[in-house]
Amino acid sequence: FVVGQSGLYQAIAMFLVAYFIICMTVLSVCAISTNGALDAGGAYYMISRALGPEFGGSIGIMFFLANVCGSALFVLGLVEAIVATFGVPEDGTLATSPYQVLPSGYWWSLLYATAIALLCLLVCLVGAHIYAKATFLIFLVVMFVLGTIFISFFAVRPRTIVLPSSATSNPTANGTGPVFPTTANFTGFKLDTLLGNLWADYTVDYTTGTTMTFATVFAVMFNGCTGIMAGSNMSG
């Protein structure tokens with residue numbers, strides 16, 4: 001998505017900006033954590049002890065709201081991946097995989113997201129030590145998924161991909177709006193594909209109907225670069 005919208009050059013620039021922000025965060029965390037022993041609370045404990053209870057409390061409220069929004073984002077991303085992989089196509093077409101057995105739709109996605117959010121609430125009620133004990137298992141799952149991604153670069157052959165039904169519908173009622181393509185081509189490693197994706201080509205997002213920009217694409221990409229906070233929150 002990032003390379004397709006912003007091009008390879010701007011995608012690299014986005015990663016440089018993101019890693020610059022991460023490096024500044026890591027240096028700040030290291031500077032604060034080396035001043036004394038850390039107690040339970042993670043990043044909030046470091047902020048409140050470094051800046052005082054007034055600034056720490058106000059920043060802690062924003063940090064709490066950011067965690068709430070981040071949790072909702074991660075839950076929705078998980079549900080979207082589950083429905084896309086194991087859900088029955090919403091447009092009524094035949095399932096292309098025998099594993100697509102889960103009911104799909106807005107309310108079904110809401111039900112799945114609610115169940116996952118309740119599971120996260122259960123973990124919080126029981127205690128964070130459960131998450132601490134399961135971190136190694138989570139690490140193995142993440143490494144396995146990353147490995148399958150790299151293997152798919154070579155294992156998946158070039159093919160034509162049918163886009164979701166929402167991408168093929170006309171967003172305007174009078175039929176004068178843009179008509180989105182119904183299929184896309186996966187070419188694999190190909191020089192022509194690389195050369196065609198060097199420069200930015202921002203288009204209309206079929207899910208929102210708005211034209212993508214550098215800021216909106218960076219906002220989507222930066223959510224995958226905030227894992228440093230997960231490590232700092234486990235401190236203490």
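If you take CG on L111 and OH on Y106, they are separated by 12.0 Å, rounding to the nearest 0.5 Å. Considering OG1 of T114 and CG of L119, their distance stands at 12.5 Å, rounded to 0.5 Å. To the nearest 0.5 Å, atom OG1 of residue T25 and atom CZ of residue F20 are 10.0 Å apart. Interatomic distance, CD of E80 versus OG1 of T85, reported as 10.0 Å (0.5 Å rounding). Note: M221 CE to F214 CZ = 7.5 Å, rounded to the nearest 0.5 Å. Taken to the nearest 0.5 Å, the CG atom of L8 stands 4.0 Å off from the CD1 atom of I12.
Residues L73 and L76 are members of separate hydrophobic clusters, defined by side-chain heavy-atom contacts under 4.5 angstrom among Ile, Leu, Val, Met, Phe, Trp and Tyr. One hydrophobic cluster, built from ILVMFWY side chains closer than 4.5 Å, cannot hold both F74 and F139; they sit in different ones. Cluster annotation: F63 is connected to I21 through the hydrophobic network of ILVMFWY side chains, with a link wherever side-chain heavy atoms come within less than 4.5 Å. Residues L146 and I151 do not share a hydrophobic cluster, defined by chaining ILVMFWY side chains whose heavy atoms lie under 4.5 Å apart. Side-chain heavy atoms closer than 4.5 Å link hydrophobic residues (I, L, V, M, F, W, Y) into clusters, and following such links, even through other members, never connects V68 to L125.
Nearest heavy-atom pair, T216 versus T213, reported as atom, atom and distance to 0.1 Å: OG1-N, 2.8 Å. Listed here is the closest heavy atom pair of G4 and N197: CA-OD1, 4.1 Å. Of all heavy-atom pairs between I22 and C225, the closest is CD1-O, 3.0 Å. Here the shortest heavy-atom pairing between A113 and V75 reads O-CG1, 3.6 Å.
A distance-only check finds a donor-acceptor pair linking the side chain of T148 to the backbone of V145 [under 3.5 Å].
Heavy-atom neighbours of F15 CZ from other residues, nucleotides or ligands within 6.0 Å: at or below the threshold of 12. Residue F186 qualifies as enclosed at atom CZ: its count of foreign heavy atoms under 6.0 Å is above 12.
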Practice prompt. Dump the intermediate steps for side-chain contact (heavy atoms from CB on, under 4.5 Å) on Y112 and I82, then the final yes or no.
Written response: CA-CA 9 Å; Y112 301 149; I82 292 176; 5.5 Å; no
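Residues M212 and F1 form a side-chain contact, since some pair of their non-hydrogen atoms from C-beta on lies under 4.5 Å apart. At least one side-chain heavy atom of I116 sits under 4.5 Å from a side-chain heavy atom of V79. V17 is not listed as a side-chain neighbour of F222, based on a closest heavy-atom distance of 4.5 Å or more. Taking the side chain as every heavy atom from C-beta outward, F218 and V2 never approach each other to under 4.5 Å.
Sorted by first then second residue, the side chain to side chain donor-acceptor pair (under 3.5 Å) pairs that include residues 3-13, not counting sequence neighbours, are Q5-T203, Q10-Y202.
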Please tabulate, for the side chains in residues 98-105, all donor-acceptor contacts under 3.5 angstrom to protein atoms that are two or more places apart in sequence or on a different chain.
unit_1 : atom_1 : unit_2 : atom_2 : d
Q100   : OE1    : T96    : N      : 2.9
Q100   : OE1    : S97    : N      : 3.2
S104   : OG     : V88    : O      : 2.3

